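Lettering of chains follows the sequences in order, A, B, ..., and the numbering in each one begins at 1. On a predicted model such as this, the values are computed, not experimentally measured, just so you know.
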2 protein chains.
Amino acid sequence: MADQIFYGTVLLKAKQITDYIVDSNTAVSLKDISDNLAITKPTILKILRTLEYCGFVNRNSETQKYSLGTVYLRYGQKVAESFDIKELTRPFLEQLRDKTNETINLGIVEKNKVVLLDKLESSRSVKLVSRVGGTMHMYSSAMGKTFLAHYTPEKLTKYLENTSLVSLTPNTITDVQTLKDDLEQVRQQNFAIDNVENQADIFCVGFILEKNSNCYGAFSISAPEYRVTKKVLHEFIKYGKEAQLKILEVLN
Amino acid sequence: MADQIFYGTVLLKAKQITDYIVDSNTAVSLKDISDNLAITKPTILKILRTLEYCGFVNRNSETQKYSLGTVYLRYGQKVAESFDIKELTRPFLEQLRDKTNETINLGIVEKNKVVLLDKLESSRSVKLVSRVGGTMHMYSSAMGKTFLAHYTPEKLTKYLENTSLVSLTPNTITDVQTLKDDLEQVRQQNFAIDNVENQADIFCVGFILEKNSNCYGAFSISAPEYRVTKKVLHEFIKYGKEAQLKILEVLN
DNA sequence: TTAATAGTTTCTTATTTAGAAATTATTGTA
DNA sequence: TACAATAATTTCTAAATAAGAAACTATTAA
């Protein structure tokens, strides 16, 4: 890491500290941070002060604990707004949610990962661990597999070279050839299935949003496995394809 | 600035660069940034690379332009979730929006500014310039004035010492005594009025969410001035107070 | 009251930064 | 296609910053 990036050492440390705060579910103390990162207390303290000065972090003066600053609300809002695919697909995905009564996800690819852009939960939705802004692997998720299925052979090869197919559930595809066969099927049927490959108990069907070889994103229907009978799956596919067509019409 | 903070020079520059990107409405080039900030191109370039490495920034390899990274979606989501006041008030504020058919805002105080936490737009809402995560002055906004009205005299004095009452519209209160009188009235009537003091054409009524001397935030009803007749104002106050009471009941 | 723990300051060397200048790439134009 | 203009990138080194050990102070727990 340090041999590649030789500039902004404080920035890299600040990122580590910020991530530590983000990943904690409560405000954290200086000690918490120094216990968990390989940076000494004086250095962390100085960085925290600068982060606080910038508004990236808040220090509760009573508990002396640090939490994320509201600056990120502004930044996050801005990023969300920059993806107009989100606004564009909203009404169709809402319709899809109401028809299926299951959770609908919208995602894009970034650095060979699926980034969750939007999530529409149904009244009977089971809490998924995913949250907006979170990332998923391509090889294990329904949206990811629709993207991979549309990669050029070269791009796919490169992806597979840089990715180890780590098992996330007993069903995760960890064999390259099996994955390739699966992607071939995705291309043929024009949707991808995540048969509890990415997250325990969760079954997904994914659809790509591609027009004139521009990939705008993908969406998926998520449901607890036990609810997805053959009949339900057929409905998911039917409604999903309908939504896909409608969205493609308004794209561009 | 530099005489106070002597640590994290790169961090401070990174903040400037990030803010420049946030405030631009399109992706920006290295030149754009260097033209607008007092930092030289080589330095900006090196910082951008580190920011990109961290995921804070994306570089479009075709246009060579930079935009905000999706990491901020995750951070922003996390910050939003940390304020459960947002979840708690949602249903009541939705009801209030439907009753008034105007935009409802939810805010908190941070560093003597109002941070907009949530915004519920009505069907006939005029586009306000405010967006979630954005900040407003305390002295000119309805929410801000409800907060100020509940400051201790010492805190208010300190606030006034550190704040210059800059005029944002012809109606902005720029005189300390006038503001103090206004705050006294806020305390008496238990709501604050922003009579086009913060933003052209926009009239607001603000209500504080305070219980057992804990201030949880404030909300306001925003409408274009021309729609706020005496009759409408009375409705705003009536419905606003009702919402305030209902929310206070579920707080804590 | 004391012990233990956490937060903060000071200080110095090793490391990093910053920008001028040169270089290379890219874009627009004749 | 070549040329000019503009933008991006690299190199280099003096000047500025960072990092952590050690000492110190505040806070908490016993």
Specify the separation, in whole Å, of atom [atom1] of [X] and atom [atom2] of [N].
{"X": "B/Gln64", "N": "C/dG28", "atom1": "CD", "atom2": "P", "value": "12 Å"}
{"X": "A/Ile44", "N": "C/dT9", "atom1": "CD1", "atom2": "P", "value": "16 Å"}
{"X": "A/Tyr7", "N": "D/dT11", "atom1": "OH", "atom2": "C1'", "value": "14 Å"}
{"X": "A/Asn60", "N": "C/dG7", "atom1": "CG", "atom2": "P", "value": "13 Å"}
{"X": "B/Ile17", "N": "C/dT17", "atom1": "CD1", "atom2": "C1'", "value": "13 Å"}
{"X": "A/Lys65", "N": "C/dA6", "atom1": "NZ", "atom2": "P", "value": "11 Å"}
{"X": "A/Leu48", "N": "C/dA6", "atom1": "CG", "atom2": "P", "value": "16 Å"}
{"X": "B/Glu52", "N": "D/dA8", "atom1": "CD", "atom2": "P", "value": "14 Å"}

Using only side-chain N and O atoms of [X], determine if any of them is under 4.0 Å from OP1 or OP2 of [N].
{"X": "B/Thr43", "N": "C/dT17", "value": "no"}
{"X": "A/Thr9", "N": "D/dA18", "value": "no"}
{"X": "A/Arg49", "N": "C/dG7", "value": "no"}
{"X": "B/Arg59", "N": "D/dT9", "value": "yes"}

Practice task
Check the angle between the aromatic planes of A/Phe207 and A/Phe219 and answer parallel, tilted or perpendicular using the 30° and 60° thresholds.
Solution key: parallel
Practice task
Name the orientation class of the two ring planes belonging to B/Tyr75 and B/Phe56 (parallel below 30°, tilted from 30 to 60°, perpendicular beyond 60°).
Solution key: perpendicular
Choose from [options] the nucleotide whose nearest atom is closest to any side-chain atom of [X].
{"X": "B/Thr40", "options": "C/dG7, C/dT26, C/dG19", "result": "C/dG19"}
{"X": "B/Ile39", "options": "C/dT8, D/dT17, C/dG19", "result": "C/dG19"}
{"X": "B/Lys31", "options": "C/dA6, D/dA8, D/dA18", "result": "D/dA8"}
{"X": "A/Leu45", "options": "D/dT10, C/dT17, C/dT8", "result": "C/dT8"}

Problem - Basic-acidic side-chain contact under 4.0 Å: B/Glu81, B/Lys78 - result: no
Fill in the blank from the handout: Hits for side chain to side chain donor-acceptor pair (under 3.5 Å) against B/Lys113, two or more places apart or cross-chain, chain-then-number order -> none
Exercise for the section: Validate the cation-pi geometry between B/Lys155 and B/Tyr151: distance from NZ or CZ to the six-membered ring centre under 6.0 Å, angle to the ring axis within 45°. Expected result: yes
Handout entry: Check: D/dA8 base within 3.5 Å donor-acceptor of B/Lys41 side chain
Key = yes
Fill in the blank from the handout: Taking for A/Glu62 and for A/Ile47 the nucleotide of DNA chain D with the nearest heavy atom, the one nearer the 5' end belongs to A/Ile47
Exercise for the section: Name the residue closer to the 5' end of DNA chain D, choosing between B/Lys46 and B/Asp32 according to the nucleotide with the nearest heavy atom. Expected result: B/Asp32
Handout entry: Whichever of A/Thr63 and A/Val10 has its nearest DNA chain C nucleotide further upstream toward 5'
Key = A/Thr63
